[in-house]
Structure formats: C-alpha cells, structure tokens
Amino acid sequence: MSGAAGGGTLIRTEATSTWLKGPSYPTSGHSPSLLCNNLSVAKCKSATRECGLYAFASGYHSVMASRISHGGKESDSVNVAQLTLMRFSSSSKYFMPITQVTHVMLDRDSPIWVACGVFGAMINSGWEKQVILGKVRLDSSSKSGLGKKGDWYADEFLRGACGHSGVLYLGHSSGDILRCMLSPSSEWPTLAVRAKEKEASVPEDQKAEARIMQLPRLTTAQHQAAIMDVHTDGKLLVSCDENGVIVAWSLKGREVANVIAVCDRWRPHACITARIIPGVNLIAAAFKTGHIRLLRSNDLSLAIEVCAHAKALTALDVARNRVVSAGEDSYCRVWCIQETSPGAYNVEQEHYVFAEDGIFTGVGFSCDDAEAYYMAMYDLPGIPSGSRVQ
C-alpha cells in the first residue's frame, strides 16, 4: 500500500493482516523542524476516545498543536492551531529557538505542553489560544543570540521534559536535571477561562515566572554531556545524554530518593531517548547507532538488543508491550515485545512504513493500548498515521 504525500514524498506502508495505513492529518501547511523526538502525543486511554492531541516544533519558534478525533477516517475533525512562541521576555530582541516540545501530565486530567529552548522553557496550556502558565528562565539567556553568520549561540539550553505529582523535570545542557513546580496549580483553570473570555493569550512575563517554584537540581557525575531526554512513570525517572549514558532515579512522590542504576557501556554514542515501558519492567533506549536496547528497569542491565534501523534513530515511543521507532533511514517500525520466560524477551517487527527520500523526526502512539500511531516528517506538511485492524 502506498500513497503520495506533500512535497513529492512517496510513503509506502506494509500491508499486513493486523496493521493498516491511516489518514494523514493536516497541519495548515506547516512541517516539523529537523529535531529528534519532534512529535509529542498526549495518549488517550483507548483508541475509541473521541479526541486526541499532538504537537511539534515548526520553524525556530513556533509550535503546531492539533486536536483530532480517533475515528481513523480522512473526514475526522481536526483543529490545528499555530502557537507562535513570542519573545521569552519583553526586553529580549529574539524569539526562543525550540529544542523540543513535550506533553506533560502533572496533577491534572488534561495535559499541558512544555516548549524547551535556549532561553529556558515555556509551560503552556490551550489549543485554540495559547495560555502561558509559567516560564523557566536560564541565567545565561541574556548571553544567547545570533552570531555574525546568522547561527545561534547559547551558553546553556533545556531539552526534554516530563512530570508527575506536580513536579516538572527538565533536561539541562550541563547534564543536570532541573526541577520545578507550578504554584499554585489551582489557578490554572481560572487562567485559561480568563484568557479565553478576554481573548488575551499571553499573560505578563512577571506573572508567568512568579508561578514557577524552583526546586533543587538533580546532579550526577555520570552525566557529563547535555541531556537528550527525560521520562518518568511516577516511581522511576530515567535520563539519557549525548554520550549515551542512561541514569535511573527512584522517586517517592515529589522527592527523588537516589540514583539506583547507571548504564554507560555504549559511550560515546548518543542515546536520543529512554522510555519506561508500562507493565513490562523494561526501558526502551534509542541510540544514534540505529539500535534499540531494552534494559531492565531495576539495574539497567541489557535484556535484548535490536538492530532496528540502518541509520540513526530519530524518535521512539512506547505503549503497552509495543515500541514504535523512526530513523534517518526513512523507516518507521512497530515492534512487539513478548516475554518468553521470566526475564527473557523476544522482539518482533509487526509493521513498517517507508518514506522515500524522507526523514522522520517524530513518532508516537495515540493511545495507551497501542492501537494507532502518528508520524512526523521533516519538510512534510501533514501527520501520517497507522492503526491496528479492529
């Protein structure tokens, strides 16, 4: 099964008895930036839920956010909003270049999304209108800017975000992990309603920054390079960096107990993301060598290794007992994990998508039961999808 997408890219989908090609959702002509993990999906509990959310960075300072139904038809209702991130502060001459956009569930029923960049992070809510709930400013943001040749320079930046129990974790270029809280969270719904009624999308800088309560940083000697991504399930926090080092931290509510395991055996190959697979006691780590490595969550020992892509991995997501990965080799693949015996696992490819002359920048399951997924491609307007046969 194949189909032509915008920009002349030919997308060929493997036709199987269990997976089908889904619709390509519009993005108002905007395409994802060439960044790793550049598609964040707020997962629904099941594929039958009426509405889903996804977002990605487009250009240097814009976020494309969409709200869609899960009917799996071309006629599904789609609400696309371009949320241009304005200057990080009223005194800044520059927009904030984005490194990653991530949906985060803190202590609310609906997700917020966090845009990380060279000036810090902007914590947002709202789809039709942008509501900035808070900002995390880096000390060196005033030293960032454009060089003589038009390239960006920055002493520090943030990349990777996750949250639980009201605490937001942000990956830092130094290898540290910043922690903060939105305080008080009871004001969030009021702010959203107030912004909608007054048609004001951006609160004042001072109010946004005042809603952030900084907590002590997480620091470890193992992270000597910039953080690539962070992920948590509420009990465990996993961080990975540009040197391929993975660190697992134990969590107790809003407190971080200690480092329980470190894995650096594949240094210096970058690990672009490490995701905790729910209910399997495994962590899926994606490397720029094209490998997916499943690590045991208690000690980060290797359970199984998969030569998943011929080139660097660019994105990975997990749900249930499945992993979906994308790489620079123009392939997106769905993998199924089965435990053959206690502590022993088997990984099989269930499905793949090939995009001729295309580069996938992001991928994500749309629901917790891994029945559908979205893909993002560089310089390709639209979000292709795939779904399991019901």
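If you read the sequence from its start, that first residue is 1, and numbering goes on from there.
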Below 4.5 Å, heavy atoms only, C-beta onward: do [X] and [Y] meet side chain to side chain?
X	Y	value
L251	K235	no
Y169	S239	no
V114	M122	no

Within the distance-only criterion (no hydrogens, no angle test), does the side chain of [X] pair as donor or acceptor with the backbone N or O of [Y] below 3.5 angstrom?
X	Y	result
R159	I227	yes
H103	S40	yes
S58	S31	yes
T314	A326	yes
R333	Y352	no
N38	A57	yes
S366	V41	no
T99	C116	yes
D233	P278	no

Next item on the list: Provide the full list of ring-ring contact (aromatic ring centres under 6.0 Å, His included) pairs with a residue in residues 273-330, sequence neighbours left out, each pair given once.
Entry: W266-F287
Checklist line | Qualifying ring-ring contact (aromatic ring centres under 6.0 Å, His included) pairs with a residue from residues 220-251, counting only residues at least two apart or across chains | finding: none
side-chain contact (heavy atoms from CB on, under 4.5 Å) partners of [X], counting only residues at least two apart:
X	answer
V347	L294, I304, V306, W335, I337
E255	none
E339	Y345
A344	T340, S341

Item checked: R293 versus T289, closest heavy-atom pair with distance -> NH1-OG1, 4.1 Å
Checklist line | ILVMFWY clustering at 4.5 Å (side-chain atoms), partners of L35 | finding: none
Next item on the list: Under 4.5 Å between side-chain heavy atoms, chaining through other members, with only Ile, Leu, Val, Met, Phe, Trp and Tyr counted: pull out the rest of the cluster around L34, sorted by chain and number.
Entry: I359, Y378
Check: Mind checking what makes side-chain hydrogen bond (donor to acceptor under 3.5 Å, both in side chains) contact with N346, not counting sequence neighbours?
Finding: E348
Checklist line | Listed partners of R296 passing side-chain hydrogen bond (donor to acceptor under 3.5 Å, both in side chains), at least two apart | finding: S301
Give, for atom [atom1] of [X] and atom [atom2] of [Y], the distance between the pair rounded to the nearest 0.5 Å.
X	Y	atom1	atom2	result
I260	D299	CD1	CG	8.5 Å
L178	T219	CG	OG1	9.0 Å
D317	I277	CG	CD1	10.5 Å
L313	Y331	CG	OH	14.5 Å
I276	L282	CD1	CG	11.0 Å
D229	C36	CG	SG	10.0 Å

Do [X] and [Y] land in one hydrophobic cluster if side-chain heavy atoms of ILVMFWY residues count as linked below 4.5 Å?
X	Y	result
V230	V247	yes
L316	F365	no
V238	V318	no

Item checked: With R322 via salt bridge (Lys or Arg N to Asp or Glu O under 4.0 Å) - residues at least two apart -> E350
Item checked: salt bridge (charged side-chain N to carboxylate O under 4.0 Å, His left out): pairs with one or both residues in residues 161-171, sequence neighbours excluded -> none
Notebook entry, point to check: Will you find, in the side chains of S250 and N258, an N or O donor that is under 3.5 Å from an N or O acceptor?
Noted result: yes
